[in-house]
Amino acid sequence: MTTSAAPAQTPSNLSSARAILGHLRHFFTQPERLLGILLAVVLGALVLVPLFELIRETLTVQPYDRAYLPKAQPGEFTLFHYERVFAGRLSWAIFYKPFFNSLVTAFAATAICLTLGAGFAWLIVRTNIPFRNFLHTLVMIPYMLPSWVMALAWITFFKNDRIGGASGAFAYFFGVQPPDWIAYGPIPIVICLSLHYYVYSYLSVSSSITSVDSQLEEAGAMAGLSRLKQFLWITAPLLLPAIGSAVVMTFIRVVGSFGTPAVLGMPVRYFVLPTQIYAAMGTRNAGDGFLLALVLVVLACLFIFINQRLIGVRKSFVTLSGKGFRSKEIDLGRWRWPLFILIMLLMTAAVAFPLVLLVLQSLIKTAGNYSLSNLTLHYWIGGGGEGVDQLQAALVDNGNIIDATWNSLKLAFLTAMATGIFGFLIGYVVVRTRGSLTSRALEMVAFLPYIFPALAFGAIYIGMFARPFGPIPALYGTFALLVLICSVKTLPFTSRTGIAALLQIDKSLEEAARVQGIGWFRRMVRIIVPIAAGGLLSGMLLSFISIMRELSLIILLVTPSTNVLAGVIYNYQNQDMPQLVGVATVLLVAIVIAVNLVVRALSTKARIGAA
Amino acid sequence: MTPTFRSAKAWLAAGALTLALAAPALAQQADPKWDAWLQKSQLGPYQKNENWDEVVTNAKKEGEVVVYSSSGTMLKVAEDFAKFYPEIKVKAYDLGSEKTIEKVVREHQAGVYAADVVYSGGTEQMVFDLLPNHRIVNYVPSYLTDRIAAEHREPLLTHVIEAYGVFYNSEAHPQPPMKTIWELTEPQWKGRFSMKSPAGSLTTLMMLAAIVEHSDEMQKAYEQHYGKKLELSPGVENAGYEFLHRLIGNDIVISDNSSKIATAVGLRGQAKPPMAFSVIHYLTKNQSDNYANAIPYDLQPAALFSYPTYVAVAGQAPHPNAAKLFVAFLMGSKDLNATSELKAPYRSGKSLELLQGMAAFYQVGTFSPRTDVPPPPHSEMWPKARKLTASPEFVKDNIAKISDFWMAETSR
């Protein structure tokens, strides 16, 4: 372009055009921006559309509402559910009381989870507590059990004569009926949830502790700080991002969990929001159910917002900066063994106790009779025997369980892969564009699926993907749809751990590489991914585990050929076949533990956990 | 629609949202495909002069049938069906009552017609939601019409009649411990009566409806037993609700599983066993596991509360003939009659040939509506025992109210 061809163009115009071009070039050489936009669009479609659907359903007349609104047509606009839930005659029963109960149990459980998880993480990663590798695997097991197992074990043990039938083990051994407040209600709910969900805090904090340079603490020691003060003033603040995500994830998960409060709360009529949602959905009062679900969504958003406010201001928690890095083991001295024994005791309660119960359950001919003569291996290896219900096929020739196991593995593996890649990219974009609107929006949206009540999410996905949706073909009935919904639902695990891991990688590392002319893709593969791998792998492992036992999310989407192990367990539970529930659950737990061990063995270099 | 808007902000926010989201909110519209499908499948008004051999031939050609079921027993029926019709692949889902309905509704809303047979209780949903909205269509095999009473084949075919019963432990109480159901609200049963939560259990809700609908009988039973007039608590409408109010107030124990309840009541060796509402087919545990469950059949006004479980062909089912064949199979064979000799185990040999899909269900507490099916063992009392049942019309108009009443009372 010459000035003669465009005489009107002044030098100033030219320079502004250049400036725009420059901006554009700058923009495109920062792949995080492009990626950010792309991810925002995809996630928007996969997460926000269902959210809008959820909101829309709370604002329209549902078929069920004819009983209340005889003149209204289904599909019309209405504020009826809002009135009924928040301001009506029944709002105390439907909303306020369960909401209050939910907050109480969730805050208590979150506090315990954080204490346990962070405490374990510190002990196992930074101190010379005995058998660290073993403990690292051990403390993650409770999360691998389906959460209702703990509750069932509790009620089997502490059951009193309130619900009748066989007496609980406690009453059997001590001859005393435990009081109702120990057997049922908020206290056991909090304990059972804590023993299950502390693993979030453990994983998040342990992967973050691993990358805290102990030279920082040594500097503190030289300045004359006591061990406690070193921890409180130096280490703890560095762990804030990890603690923040742990609190958010634990709280939201606990506040949204259904199984445990249902089992332990019902006998004393202690209701929480999820049990109310289930009740509303169960009577097909979808309007109320979705509205209560929305309350959970809003509550979670509030938590994320607070978390971002707290940690967003202190965004420079860079501990891994390419300079010297050292991690020093802390000597526990005479506390080594007592602390080890304490952890073992807790784990006996949280792991051995429910597992032994499950194994026992898989070996019993007639339920309730624990004598040796009543044990059989029939449900594992077949062969039958006297007193065995031959109609129930043993594991070895039970095509149901075997096919479902294969499906579960496939689904969990594909989901972990997909969600790992996306979680990393999201973490990268969020951290590198920190402070921008993209960053905040993306972090929020990537976290939203976490707080969706799973059943509602599944219900809405049927509608979205039964027909072609955007460029995606009709997916209903396909395995791909299961992978898609599971990936979206577990994205929060990997995006959270991705963010936490990347927060600790200083931009200078990447900039150094960029100066040397190393392209974006190679920078990712050679520098960022290896450093962030530890955190990412924990996130992927969490996805894997939670998909292995996920049920309510996909119950409406599975077809007989895509049924999964958790679905099979659910069916056996419904048909009151405790032995096969035991067999299939033990199988599920064994697989999850095995996969965990394999991942850990393969990833010692990636510094997952303490190794 | 007449809600009053409490807050202008809520109104504004909600308005903006609906505007943005109104597009997908398409109202249900008349579907010309529906009539064509009915005609092609010879269902509804087109089901005349049914040629059964033709149905079987076409079903085999279709080669598949997909069943959404509220009952796990359906998986056993599927196995039995495969023995008779190996050329037809059965895909049976056990989804529970509310998920069966949820799945059908959601799939149809999305234009997916995957199911052939829908099996669930819940009159409100099945009769007044799914049926009029063409999610299902009623189908009664022609040859069975005169063997089933009209109330059990219209508007929907009943597969089995089941019942809740009042359970007590006959070892601890050789005689029934009470004469009227109102005694359950007295102090000696405080904290010692349990039942399944009606949330998520459409059948339990039907039982509550039966109690409320038969309020007059409840009142009469009270006044006969106590010799005084029943005084209703403030805000309580009638004797049926009053009974529920007092029962819940007597520290009722709510459970999630009727099987566990039956175990809790019937286990031997208990000093103070509780009582409960439970599904009466758990009486079979008495034989299989030596439990001591019993029902006080002389209880006033009744100890049994029965409800139907329906089976229907799914709207626009892809395999309508296979669906018909499966429904017929579920109802039992043509050759079954009142004098048929049936022997346990029912799922084999001659008994299976006669009972077909009823074999897996053949036990006390799950009764065929067919007038020509011999009663299952241990059900001698069934024909003469007093039973309360909620009528579909009453359920339609009151089920939401009863559900709300339950929720408010249990959260007091």
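Proteins get letters first, then strands, A, B, ... in listed order; numbering begins at 1 in each.
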*Check whether A:Q276 gets within reach of chain B through its side chain, its backbone, both or neither, counting any heavy atom under 4.5 Å.*
side chain
*chain A contact via B:I254 - side chain, backbone, both or neither, heavy atoms under 4.5 Å*: both
*Which atom pair, heavy atoms only, marks the closest approach of B:S411 to A:W92?*
O-NE1, 3.7 Å
*Using a cut-off of 6.0 Å, state whether more than 12 heavy atoms not belonging to A:Y96 lie near its atom OH.*
yes
*Measuring heavy-atom distances to chain A, does B:D397 have an atom under 4.5 Å in its side chain, in its backbone, in both, or in neither?*
neither
*Would you mind checking which part of B:T410 comes under 4.5 Å of any heavy atom in chain A, side chain (CB onward), backbone (N, CA, C, O), both or neither?*
both
*Would you find more than 12 non-hydrogen atoms of other residues, nucleotides or ligands less than 6.0 Å from A:R89 atom CZ?*
no
*Rounded distance (nearest 0.5 Å) linking atom CE of B:M407 with atom NZ of A:K97*: 13.0 Å
*Beyond-backbone contact of B:V253 with A:M266, side-chain heavy atoms, under 4.5 angstrom*: no
*Which bit of B:I252 comes within less than 4.5 Å of chain A, counting heavy atoms only: side chain, backbone, both or neither?*
both
_Which portion of B:D251 sits near chain A, non-hydrogen atoms under 4.5 angstrom_ = both
